[in-house]
Each structure stands twice: as C-alpha cells, then as structure tokens.
Asker: 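What follows is a single structure, and I will ask about it in a moment.
These numbers were taken from a predicted model, which means no experiment stands behind them. Lettering follows sequence order; numbering is per chain, from 1.
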Amino acid sequence: SQKIEQNSEALNIQEGKTATLTCNYTNYSPAYLQWYRQDPGRGPVFLLLIRENEKEKRKERLKVTFDTTLKQSLFHITASQPADSATYLCASSRGSQGNLIFGKGTKLSVKP
Amino acid sequence: DAGVIQSPRHEVTEMGQEVTLRCKPISGHNSLFWYRQTMMRGLELLIYFNNNVPIDDSGMPEDRFSAKMPNASFSTLKIQPSEPRDSAVYFCASSSVLSSGNTIYFGEGSWLTVV
C-alpha cells in the first residue's frame, strides 16, 4: 500500500543549528510533496510544496529537497530558533486525486 | 479571510451518544476534507468532498460515521453511537482547484472525548 513515513518522532537541536527532517514514501510516485507545521492545539499550516521535477525549493530559512531515486524529501530549517519548535508533517497526494495523506510528523524542539 | 471554521472546539460526551461536528470551509473552495488525528495513527483522511459530492469515503472507519455536505458552505461529520475509541481531534480542511498542488487549509479542530 502507499505509505508516507517520517521515521523520527522527535528531534532536539540547539538554537542556531540546522534542523533536518526526513520524509520517505513507498509504493507510489507522488507528483509533489508538501510540508506543514502544526503547533500544539492548532491545525496544520502549509509551509512549502515541491514538485517531482524540482530538486530543491527555498523559502526564507526553509529548504526542501525531493530525491525521486531515494524516494525521499528532506526539510531543512537553517539558523533554527526556539520559535521553530513545532511538529512538522509531510504530505502527498494519492494518485491523481486531491486528497492528501500525511506522515505522522516529527516534533522539533529547538533549545536556546 | 475567516479560514476554515469548526464547531464545537471541544466536546465531551458519553458512550452511546450522538456527536455532530460542523465545518464551514473557506468561501470559494470546492474541496472539503475530514481528517482524524490521534497519537497512534497520526492524521487520517476520513472522507473527501468535491463540489459537495463525496468522492472518497474509504477512510470512514465504520457505519457509525457519516458525513454530509448539503451546500458549498457547510459540512457535518456525525458519529452515532459514539465509542471511547472515537476520542480524537477531528479536523476539517478545504482547498480550491486553483490551489497549487492541492494545498489544503485546516480548521483548528474539534477535540472529542468519549467517556
């Protein structure tokens, strides 16, 4: 079955360092991958989208890569800040439909 | 923009009772999604509407769950009868065909506890 997995449940890093989160997919080839941020008690909020023909996408301190050979997307936050602490979810569409399936998320904690 | 509006934000109910969760999508969005989030299973898609028509309900756990979208600005998710294992956060989300890559916009969720 089609799966999207985020293998790290939690990641703790020091302020100023780069956080790298991993998302892997199996048994399908998504046309794009999305990354969302979720704060406690809130709904997920869209951050970035990367298409299969794009190797890399950037937005301010955020960078996403898409490696179709490794079937993997990496999400980087450079110069991390305590305010970046949240759960980050990756998502992609099943086939041609618009509905998204989500990974379970990685909880990032940035310590001052 | 008001965003996706869900009600109630919190509900505590007794096992066996009927629960109705409500959602108002973003105006102009033509797709609506109901997700359930738990620690064990993460975010699971329950059902997906396009232009008020249910397209994929394969995620609805069982017959106790039903969803309707009588018009473009309102949807309900009903659980009858509710069970303790239904305790979760239920998110409604919407998107527009014009959204790049089907980006979806979530509401703040309805926190359901069944005791």
Asker: Grouping I, L, V, M, F, W and Y whenever their side-chain heavy atoms are under 4.5 Å apart, do Tyr48(B) and Tyr36(A) come out in a common cluster?
Answerer: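 Yes, Tyr48(B) connects to Tyr36(A) through the hydrophobic network.
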Asker: Is there a path of hydrophobic side-chain contacts, each under 4.5 Å between heavy atoms of I/L/V/M/F/W/Y residues, joining Ile47(B) to Ile104(B)?
Answerer: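 Different clusters: Ile104(B) never reaches Ile47(B) through Ile, Leu, Val, Met, Phe, Trp or Tyr contacts under 4.5 Å.
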Asker: Checking heavy atoms, do the side chain of Arg41(B), its backbone, both or neither come under 4.5 Å from chain A?
Answerer: backbone
Asker: Around atom CG of Asp63(B), are there more than 12 heavy atoms from other residues, nucleotides or ligands closer than 6.0 Å?
Answerer: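 No, the 6.0 Å shell around CG holds no more than 12 heavy atoms from other groups.
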Asker: More than 12 foreign heavy atoms under 6.0 Å from CD of Glu62(B): is that the case here?
Answerer: yes
Asker: Going through the checks in order, is the side chain to side chain contact (heavy atoms under 4.5 Å, CB included) test met by Leu100(A) and Phe33(B)?
Answerer: CA-CA 9 Å; Leu100(A) 294 179; Phe33(B) 310 84; over 6 Å; no
Asker: Should Leu21(A) and Phe66(A) be regarded as members of a common hydrophobic cluster, given that ILVMFWY residues are connected when their side-chain heavy atoms come within less than 4.5 Å of each other, either directly or indirectly?
Answerer: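 Yes, one cluster joins them.
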Asker: Tell me, for Leu33(A) versus chain B, whether the close heavy atoms (under 4.5 Å) come from the side chain, the backbone, both or neither.
Answerer: neither
Asker: Which heavy atom of Phe91(B) sits nearest a heavy atom of Gln38(A), and at what distance?
Answerer: CZ-NE2, 3.5 Å
Asker: Is it the case that atom NZ in Lys57(A) sees more than 12 heavy atoms from other parts of the structure closer than 6.0 Å?
Answerer: yes
Asker: Search all heavy atoms of Phe46(A) against all heavy atoms of Thr103(B) and return the closest pair with its distance.
Answerer: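 Result for this residue pair: CG-CG2, 3.3 Å.
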Asker: Linking I/L/V/M/F/W/Y whenever any side-chain heavy atoms sit under 4.5 Å apart, do Leu47(A) and Ile77(A) land together?
Answerer: yes
Asker: Checking heavy atoms, do the side chain of Gln37(B), its backbone, both or neither come under 4.5 Å from chain A?
Answerer: side chain
Asker: Are any side-chain N or O atoms of Glu108(B) and backbone N or O atoms of Gly43(A), one a donor and one an acceptor, separated by less than 3.5 Å?
Answerer: yes
Asker: With chain A as the partner chain, list the residues of residues 73-81 of chain B whose heavy atoms fall under 4.5 Å from it, by residue number, and write 'none' if nothing qualifies.
Answerer: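 Within residues 73-81 of chain B, near chain A: nothing under 4.5 Å.
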Asker: For chain B, which residues from residues 102-110 of chain A have at least one heavy atom closer than 4.5 Å to it?
Answerer: Phe102(A), Lys104(A)
Asker: Check whether more than 12 heavy atoms from other residues, nucleotides or ligands sit under 6.0 Å from atom CD of Glu60(A), and answer yes or no.
Answerer: no
Asker: Just wondering, are more than 12 heavy atoms of other shown residues or ligands nearer than 6.0 Å to CZ in Arg61(A)?
Answerer: yes
Asker: Tell me whether Trp34(B) shares a hydrophobic cluster with Val19(B), the cluster being built from Ile, Leu, Val, Met, Phe, Trp, Tyr side chains joined at under 4.5 Å.
Answerer: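 Yes, same cluster.
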